[in-house]
Enquirer: 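Take this structure first; my questions come after.
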Amino acid sequence: MIQERILELTEYGLVTGLVEPEDRRFTINRLLELFHLDELEDEVAAAYAKRTPMTQESAEAALEDILNEMLDYAAEDGLMPEDTITYRDLFDTKIMSMLVPRPSEVIKKFQALYQISPKEATDYFYKLSRDTNYIRRYRIKKDQKWTADTEFGTLDITINLSKPEKDPKAIAAAKLAKQSGYPKCLLCKENEGYAGRVNHPARQNHRIIPVTINHSDWFFQYSPYVYYNEHCIVFNAEHTPMKIEKATFGKLLDFVEQFPHYFVGSNADLPIVGGSILSHDHFQGGHYEFAMAKAPVEKELTFKGFEDVKAGIVKWPMSVIRISAPQKERLIELADKILLAWRGYTDEDAFIFAETEGEPHNTITPIARKRGNDYELDLVLRNNITTEEHPLGVYHPHAKLHHIKKENIGLIEVMGLAVLPARLKDEMAALEQAILDGAEIREDEVLAKHADWVEEFLPKYGFTAGSGLEGEITPEKLHEIIQTEIGLVFKEVLLDAGVYKCTEEGRKAFRKFVDTVNA
């Protein structure tokens with residue numbers, strides 16, 4: 001069986017273009033060596049040759065089963081320390097590395113295609129990242145995704161199920177493992193080709209593309225957890241902390257100049273409102289248009305000395321200034337002026353403080369894109385102040401929303417895509433059944449946190465919590481209602497994260513800041 005799987009995986013490599021026909025024997029022999037086999041039996045090869053050839057589609061569909069059977073064999077033959085998710089992930093990455101071209105080959109092909117068009121280059125690299133199983137297609141498919149219509153546009157909602165949960169044995173092994181500073185983090189260039197360990201994922205099938213942005217050395221890769229189409233990461237060649245400054249705007253705009261079909265943005269550089277990896281300067285981008293990008297300008301603005309730059313407040317639950325112009329240098333200058341003004345801005349009446357006890361609170365989440373001949377920057381004003389009432393952040397999801405979303409609101413959420421925790425899959429299924437059955441939700445240890453929410457939204461649809469809806473509504477319709485209401489909770493999450501509220505008073509305070517920039 002293992003010999004058949006080796007032939008299948010080699011054919012997968014040939015069909016997807018990872019393996020050249022001249023490298024077929026070489027690839028088979030490398031896989032035989034990996035599985036401690038001395039030969040490929042003639043009868044196995046002859047029988048395999050009679051099978052129906054794979055297509056790209058059938059190859060993609062077959063990969064998960066091929067790898068699972070190879071991993072089962074490896075576990076039975078003692079080639080892995082334990083048969084756990086962690087060790088299986090380490091070993092299947094090693095298997096796939098037998099098919100992956102060297103970094104120099106990938107870079108040369110990318111650069112050659114870039115001369116034809118940037119899109120051809122990224123199309124090639126994205127397909128490679130999926131075919132090598134760096135992006136595990138079969139796990140991404142498990143993510144639950146839907147949309148929710150709001151007055152701010154159509155929001156994207158996803159329950160993230162593609163990250164495997166760590167098993168207890170792996171957690172215990174990680175505690176005992178030698179602590180290493182190599183690679184320094186998951187974004188460092190040293191991850192390329194790294195074998196991994198119990199407390200660091202394997203990356204033998206990982207490739208990165210060097211890019212120069214704003215005269216500095218960076219790299220381009222895709223995220224293994226694709227939250228949207230062609231979800232890419234652009235990261236500094238050096239392990240240096242996140243920092244939003246004038247040069248940041250130059251780098252973002254330089255990237256979209258080189259890849260005009262992509263947007264790119266940066267998480268903020270402060271805790272709570274920043275990303276999950278603040279220790280390594282990086283951006284996220286991709287070939288996708290978020291709801292925020294589609295949102296119109298609700299109030300046009302003029303900045304003194306920048307009358308040639310279009311500007312306005314965006315109709316969005318968070319506080320966004322959009323600026324655009326044909327010359328990126330003009331945007332860089334204006335964005336820097338806005339940033340510097342915001343860094344030092346305090347408005348006690350609006351509960352905005354630049355700093356307290358020497359701790360800075362104001363920063364910006366910037367997003368760049370091309371629109372025709374114009375460059376465009378969305379500057380999202382952020383503040384990470386905390387209080388006794390809101391210990392996780394005043395401009396953070398408030399406690400009543402934590403039953404759905406408690407985590408930080410980073411770049412992806414800011415633009416209108418909710419990345420919700422995996423726990424919600426089982427919780428929502430149980431909640432729907434409890435509503436249908438008329439069960440007492442408050443008495444359920446897991447579901448109790450959703451009780452106030454259910455009592456609040458059910459009357460909108462003509463129902464009462466606890467009365468039981470079996471026969472009054474189909475499970476499918478209730479599921480649709482729950483998804484709609486989760487989307488509306490995410491809208492409230494974004495409203496909480498907005499430093500200026502979408503009210504007459506909030507917009508007046510927003511204009512007060514703009515006046516300060518113009519002063």
Side-chain angles (χ1 to χ4, degrees), residues 147-156 228 244 248-249 252-253 256 263-268 273 284-286 288-303 306-325 328 330-332 334-339 341-342 345 350 352 362-372 374-383 395 409-418 487 490-518:
T147 59
D149 293 330
T150 74
E151 65 267 37
F152 300 105
T154 302
L155 304 180
D156 293 304
Y228 51 86
I244 302 298
T248 305
F249 306 126
L252 293 172
L253 291 169
V256 296
F263 82 89
V264 69
S266 175
N267 270 304
V273 297
Q284 294 182 77
Y288 191 73
E289 189 174 35
F290 288 90
M292 191 179 79
K294 298 175 186 176
V297 166
E298 69 174 27
K299 177 66 177 177
E300 291 186 359
L301 302 173
T302 300
F303 289 96
F306 294 91
E307 288 80 6
D308 57 320
V309 177
K310 292 180 184 176
I313 294 172
V314 180
K315 184 182 179 183
W316 191 244
M318 296 185 69
S319 307
V320 187
I321 297 174
R322 177 171 295 160
I323 57 176
S324 63
K328 62 181 182 179
R330 296 294 287 159
L331 293 191
I332 294 167
L334 178 53
D336 185 49
K337 184 176 183 180
I338 294 170
L339 172 65
W342 180 245
Y345 187 71
I352 293 169
N362 290 347
T363 185
I364 279 176
T365 298
I367 300 103
R369 62 184 77 89
K370 283 290 295 286
R371 287 203 194 271
D374 285 350
Y375 295 91
E376 187 172 273
L377 275 176
D378 280 350
L379 306 174
V380 189
L381 306 181
R382 312 297 303 275
N383 180 289
Y395 305 108
I409 303 306
L411 173 69
I412 294 172
E413 283 93 356
V414 163
M415 295 185 293
L417 191 158
F490 180 54
K491 180 193 74 174
E492 294 299 319
V493 162
L494 295 180
L495 287 167
D496 282 350
V499 294
Y500 294 116
K501 304 311 174 188
C502 299
T503 61
E504 186 177 342
E505 183 182 8
R507 286 301 184 246
K508 185 178 178 181
F510 201 158
R511 287 300 303 272
K512 184 179 175 182
F513 166 67
V514 172
D515 291 341
T516 301
V517 178
N518 275 326

Enquirer: Report the residues that fulfil ring pair (Phe, Tyr, Trp, His ring centres under 6.0 Å) with Phe263, sequence neighbours left out, ordered by chain and then residue number.
Expert: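 Per chain and number, Phe263 pairs via ring pair (Phe, Tyr, Trp, His ring centres under 6.0 Å) with Tyr228, Phe290.
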
Enquirer: Could you go step by step and tell me if Val273 and Thr365 meet the side chain to side chain contact (heavy atoms under 4.5 Å, CB included) rule?
Expert: CA-CA 9 Å; Val273 297; Thr365 298; 6.0 Å; no

Enquirer: So, Glu289 and Arg371, do they make that salt bridge, N to O below 4.0 Å?
Expert: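 Salt bridge flag = yes for Arg371 with Glu289.
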
Enquirer: Less than 3.5 Å apart, any donor N or O on the side chain of Asp149 or Thr154 sitting next to an acceptor on the other?
Expert: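 Yes.
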
Enquirer: Does the pair Arg382 and Met318 meet the rule for a side chain to side chain contact (heavy atoms under 4.5 Å, CB included), with working shown?
Expert: CA-CA 9 Å; Arg382 312 297 303 275; Met318 296 185 69; 3.5 Å; yes

Enquirer: To the nearest 0.5 Å, what is the distance between CD1 (Ile352) and OH (Tyr345)?
Expert: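 Between Ile352 CD1 and Tyr345 OH, I get 6.5 Å after rounding to 0.5 Å.
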
Enquirer: For the NZ atom on Lys337, are there more than 12 heavy atoms of other groups (residues, nucleotides or ligands in this structure) within a distance under 6.0 Å?
Expert: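 It does: Lys337 NZ has more than 12 such atoms within range.
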
Enquirer: Residues in side chain to side chain donor-acceptor pair (under 3.5 Å) with Lys491, at least two apart?
Expert: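 For Lys491, the residues satisfying side chain to side chain donor-acceptor pair (under 3.5 Å) (neighbours in sequence not counted) are Glu151.
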
Enquirer: I'd like a table of donor-acceptor pairs (distance under 3.5 Å, sequence neighbours excluded) in which one partner is a side-chain atom from residues 500-508, with atom names and distances.
Expert:
| residue | atom | partner | partner atom | Å |
| --- | --- | --- | --- | --- |
| Lys501 | NZ | Leu495 | O | 2.9 |
| Lys501 | NZ | Asp496 | O | 3.1 |
| Lys501 | NZ | Gly498 | O | 2.6 |
| Thr503 | OG1 | Gly506 | N | 2.9 |
| Arg507 | NE | Glu298 | OE2 | 2.4 |
| Arg507 | NH2 | Glu298 | OE2 | 3.3 |

Enquirer: Do the side chain of Trp316 and the main chain of Phe152 share a donor and acceptor less than 3.5 angstrom apart?
Expert: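 No; zero donor-acceptor contacts below 3.5 Å.
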
Enquirer: Near Lys370 NZ, under 6.0 Å, is it more than 12 heavy atoms from other residues, nucleotides or ligands?
Expert: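 Buried by this count: over 12 neighbours within 6.0 Å.
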
Enquirer: Sub-3.5 Å donor-acceptor pair from the side chain of Asp378 to the main-chain atoms of Arg322, do we have one?
Expert: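 A pair under 3.5 Å: no.
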
